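Bear in mind the structure is a predicted one, so any value in this text is a computation, not a measurement. Atoms considered below: every heavy atom in the structure, side chains included; atoms not considered: hydrogens, waters and symmetry mates.
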Amino acid sequence: MAMVETARGTVHEWQRDHMGHINVRAYMEFHEEACWQFYSMLGLTASLLRAGVVHLAAVQQNISYQKELYPGDTILVRTGVIEMREKVLRFRHELVNTESGEVCSECEFTVVCLNPVTRKSQPFPPDVALRAEEFKLPMVQ
């Protein structure tokens, strides 16, 4: 399956750092916004998480930067599942400049499903695992 759009935004002047570049924090913020949309698409909604049915723990994030963004650029983030295991979900975001179509940044997340009481890993709910399969990216050889 193709990646699914999980966020849109605009780059702002206030996101520049003291060297005049869009700060890495801004890229991470776009990726983070996409996470919560994607979790909701998988059935890990805000109300479910707030109710304490399950919790999520981000255990690893790897980000790469390919193209610089500038104030006024419009972006979108698209997301796909790399791997879904019983207790672990790995997915990738691509942050894309909507004008040029170029991928400006990629970020891979690894999250673990936690039991909110014991704080130990537990299996994802079956419906979440099933939905994740719908967003599975093709294996790269």
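Within a 6.0 Å radius of CD in Glu32, other residues, nucleotides and ligands contribute more than 12 heavy atoms. Heavy-atom contacts from other residues, nucleotides or ligands closer than 6.0 Å to NZ of Lys87 number more than 12.
Here the side chains of Leu44 and Leu56 are in contact, with some heavy-atom distance below 4.5 Å. At least one side-chain heavy atom of Leu42 sits under 4.5 Å from a side-chain heavy atom of Phe135. Side-chain contact between Glu83 and Val88 is absent, with no heavy-atom pair separated by less than 4.5 Å.
Relative ring orientation between Phe109 and Phe91 is described as parallel, the plane-to-plane angle staying below 30° on a 0-90° scale split at 30° and 60°.
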For a salt bridge (Lys or Arg N to Asp or Glu O under 4.0 Å) check, start with the C-alpha distance between Glu108 and Arg92, then their side-chain angles and the critical distance, and finish with the verdict. CA-CA 4 Å; Glu108 183 179 310; Arg92 184 176 73 237; 6.0 Å; no
Could you please spell out the steps behind the salt bridge (Lys or Arg N to Asp or Glu O under 4.0 Å) verdict for Glu133 and Arg131? CA-CA 5 Å; Glu133 287 301 318; Arg131 284 191 191 117; over 6 Å; no
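Following chains of ILVMFWY side-chain contacts shorter than 4.5 Å, one can reach Val128 starting from Phe38, so the two form part of one hydrophobic cluster. Under the 4.5 Å side-chain contact rule for hydrophobic residues, Tyr70 and Val96 do not share a cluster. Connection of Trp36 to Val53 is established within a shared hydrophobic cluster, with ILVMFWY side chains joined at heavy-atom distances below 4.5 Å, either directly or through further cluster members. Hydrophobic clustering, with ILVMFWY side chains joined whenever heavy atoms are under 4.5 angstrom apart, groups Val81 together with Val54. Tracing side-chain contacts under 4.5 Å through hydrophobic residues (I, L, V, M, F, W, Y), one reaches Ile63 starting from Leu95; they form part of the same cluster.
Asn97 contributes a side-chain N or O that, together with a main-chain N or O of Ser100, makes up a donor-acceptor pair within less than 3.5 Å. No donor-acceptor distance shorter than 3.5 angstrom exists from the side chain of Thr79 to the backbone of His93, with no hydrogens or angles considered. No donor-acceptor pair closer than 3.5 Å links the side chain of Tyr39 to the backbone N or O of Leu49. Distance alone, capped at 3.5 Å, is enough to place a donor-acceptor pair between the Gln15 side chain and the His12 backbone. Without hydrogens or angle criteria, Thr45 side chain to Ser40 main chain gives no donor-acceptor distance under 3.5 Å.
Counting only N and O atoms by type, the side chains of Glu68 and His21 include a donor and acceptor under 3.5 Å apart. No side-chain donor-acceptor contact under 3.5 Å links Thr74 and Thr10.
Ionic pairing of Arg78 and Glu94 is present here: one or more N-O contacts between side-chain nitrogen and carboxylate oxygen are shorter than 4.0 angstrom.
Closest non-hydrogen pair, Gln61 versus Met28, comes out as OE1-CE, 3.6 Å.
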